[in-house]
Amino acid sequence: MSNKLDQLRQFSDVVADTGDIVAIKRFEPLDATTNPSLLLKAASLDDYQPLIREHAAALKPGSSTEDMRSTVNRLAVAIGSEIAAIVPGRVSTEIDAHLSFDTQATITQANEIMNLYAERGIGREKVLIKIASTWEGIKAAEHLEKQGINCNLTLLFSFDQARACADAGATLISPFVGRIYDWYKARGEAQTNPDEDRGVQSVKRIFNYFKAYNYKTIVMGASFRNTGQIEALAGCDRLTISPALLEELSLNENPLYQRLFADNAKSDDERCAVDEVAFRFRLNDDAMATEKLAEGIRLFAADQRKLQKLLMEMS
């Protein structure tokens with residue numbers, strides 16, 4: 001019997017949720033995803049110290065916010081380029097969370113990131129621009145997709161966020177399992193059975209809706225707290241998994257079974273478009289999604305500032 005990680009690859013594309021090159025080389029994922037928190041963590045790794053020093057040197061005392069943002073973009077692309085040389089698929093590079101409610105600024109930064117990748121000889125087919133699933137972010141993704149820039153819509157906690165992303169033609173969405181689980185756990189729900197896990201249920205609902213109505217948007221479960229959540233979503237298009245959980249799966253040789261099936265997916269939800277008014281009302285009506293989206297943006301913005309501060313201190 002092969003280990004659970006190898007078995008999982010038969011049903012879902014495995015993506016590494018890390019910027020750690022050593023871990024990526026070891027687990028051989030299809031893609032790799034990064035975000036400001038993972039970049040901040042990667043900045044402490046020995047492999048990246050030359051890149052950190054190189055980009056820190058570009059800053060000077062009194063550098064503007066735009067200078068610091070551009071430097072972090074260049075660093076993110078430098079790290080992303082290292083990853084892109086390893087994975088056969090794509091690397092996701094995230095827009096500054098401070099721009100989560102600014103459609104035009106998101107489009108501008110996405111183009112800047114793609115130009116930086118192009119300067120390094122990395123084509124659009126190797127990159128996903130990662131954008132928070134706010135209304136403004138979804139509209140930016142809709143514009144970018146029409147430009148041929150593919151997007152990964154992240155910080156996704158609700159069905160209506162997912163439906164709006166699909167209507168916008170997003171290449172991929174990253175519904176968060178673990179953070180949904182955390183919210184309900186903090187309110188007393190045990191969720192010990194993965195099939196009753198609120199995060200797992202959310203991804204299943206999205207997956208079945210997308211497949212039942214033939215949306216092309218890829219569903220990639222993200223933010224896992226345990227391997228039970230991962231196993232309950234075997235068969236989802238893609239699953240982005242931390243090195244610790246990849247390790248745990250690789251050491252377990254018990255059977256793993258497919259749980260989601262695209263070919264015979266059925267949805268209890270009627271297909272309908274979501275306009276801005278409906279999107280904002282329904283998101284507001286979902287306390288969990290509202291709180292986790294806001295929290296996620298705050299945390300990513302804070303880690304962006306920490307990374308900028310680190311580079312300034314080293315300049």
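None of these values were measured; they are calculated from a predicted model.
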Can you find a heavy atom in the side chain of [X] that is under 4.5 Å from one in the side chain of [Y]?
| X | Y | result |
| --- | --- | --- |
| L99 | R69 | yes |
| V72 | Q304 | yes |
| R53 | M314 | yes |
| D269 | F159 | yes |
| P88 | L30 | yes |
| L144 | I131 | yes |
| E82 | L51 | yes |
| S158 | L283 | yes |

Please name the pair of heavy atoms, one in [X] and one in [Y], separated by the smallest distance, quoted to 0.1 Å.
| X | Y | value |
| --- | --- | --- |
| P194 | A232 | CB-CB, 3.8 Å |
| I83 | A32 | CG2-CB, 3.5 Å |
| L239 | C236 | CD2-CB, 3.9 Å |
| T106 | I95 | O-CD1, 3.8 Å |
| S250 | N3 | O-CB, 3.2 Å |
| E136 | D102 | CB-N, 4.0 Å |

Between D17 and T33: side-chain donor-acceptor atoms closer than 3.5 Å
yes

Would you say the side-chain atoms of [X] pair up with the backbone N or O of [Y], donor to acceptor, closer than 3.5 Å?
| X | Y | result |
| --- | --- | --- |
| S202 | R198 | no |
| T290 | A287 | no |
| Q191 | N193 | no |
| Q49 | A43 | yes |

In terms of side-chain geometry, is the basic nitrogen of [X] or [Y] positioned less than 4.0 Å from the acidic oxygen of its partner?
| X | Y | answer |
| --- | --- | --- |
| E142 | K139 | yes |
| K204 | D195 | yes |
| K211 | D237 | yes |
| D285 | R282 | no |

Distance from [X] atom [atom1] to [Y] atom [atom2], nearest 0.5 Å?
| X | Y | atom1 | atom2 | answer |
| --- | --- | --- | --- | --- |
| D197 | K185 | CG | NZ | 10.5 Å |
| T34 | K41 | OG1 | NZ | 13.5 Å |
| L128 | I113 | CG | CD1 | 12.0 Å |
| N73 | E66 | CG | CD | 9.0 Å |
| N208 | L260 | CG | CG | 6.5 Å |

The residue among L156, D286, I206 that forms side chain to side chain contact (heavy atoms under 4.5 Å, CB included) with Q161 is L156

Exercise. Between W135 and F279, how do the two ring planes meet: parallel, tilted or perpendicular, split at 30° and 60°?
Worked result: tilted

Residue pairs meeting side chain to side chain donor-acceptor pair (under 3.5 Å), one or both in residues 165-182, sequence neighbours left out, come to E145-T171, N150-T171, N152-S174, D167-Y215, D182-R225

Residues pairing under side chain to side chain donor-acceptor pair (under 3.5 Å) where one sits in residues 113-133, two or more places apart or in two chains, turn out to be T93-Y117

Are there more than 12 heavy atoms of other residues, nucleotides or ligands under 6.0 Å from atom [atom1] of [X]?
| X | atom1 | answer |
| --- | --- | --- |
| N264 | CG | yes |
| E270 | CD | no |
| E28 | CD | no |

Exercise for review: Determine whether L299 and L310 fall in the same hydrophobic cluster, where Ile, Leu, Val, Met, Phe, Trp and Tyr are linked whenever their side-chain heavy atoms lie under 4.5 Å apart.
Suggested key: no

| request: Kindly work out whether a path of hydrophobic side-chain contacts (I/L/V/M/F/W/Y, heavy atoms less than 4.5 Å apart) joins F157 to V219. | output: yes

Across all chains, not counting sequence neighbours, the ring pair (Phe, Tyr, Trp, His ring centres under 6.0 Å) partners of Y213 are Y209

Hits for side-chain contact (heavy atoms from CB on, under 4.5 Å) against R74, two or more places apart or cross-chain, chain-then-number order -> H55, A58, S70, T71, L116

Hits for salt bridge (charged side-chain N to carboxylate O under 4.0 Å, His left out) against R238, two or more places apart or cross-chain, chain-then-number order -> D13, D31

So ring-ring contact (aromatic ring centres under 6.0 Å, His included) across residues 218-276, not counting sequence neighbours, yields none

Could you go through the salt bridge (charged side-chain N to carboxylate O under 4.0 Å, His left out) check for K292 and E295 one step at a time?
-> CA-CA 5 Å; K292 298 310 288 185; E295 178 189 65; 2.6 Å; yes

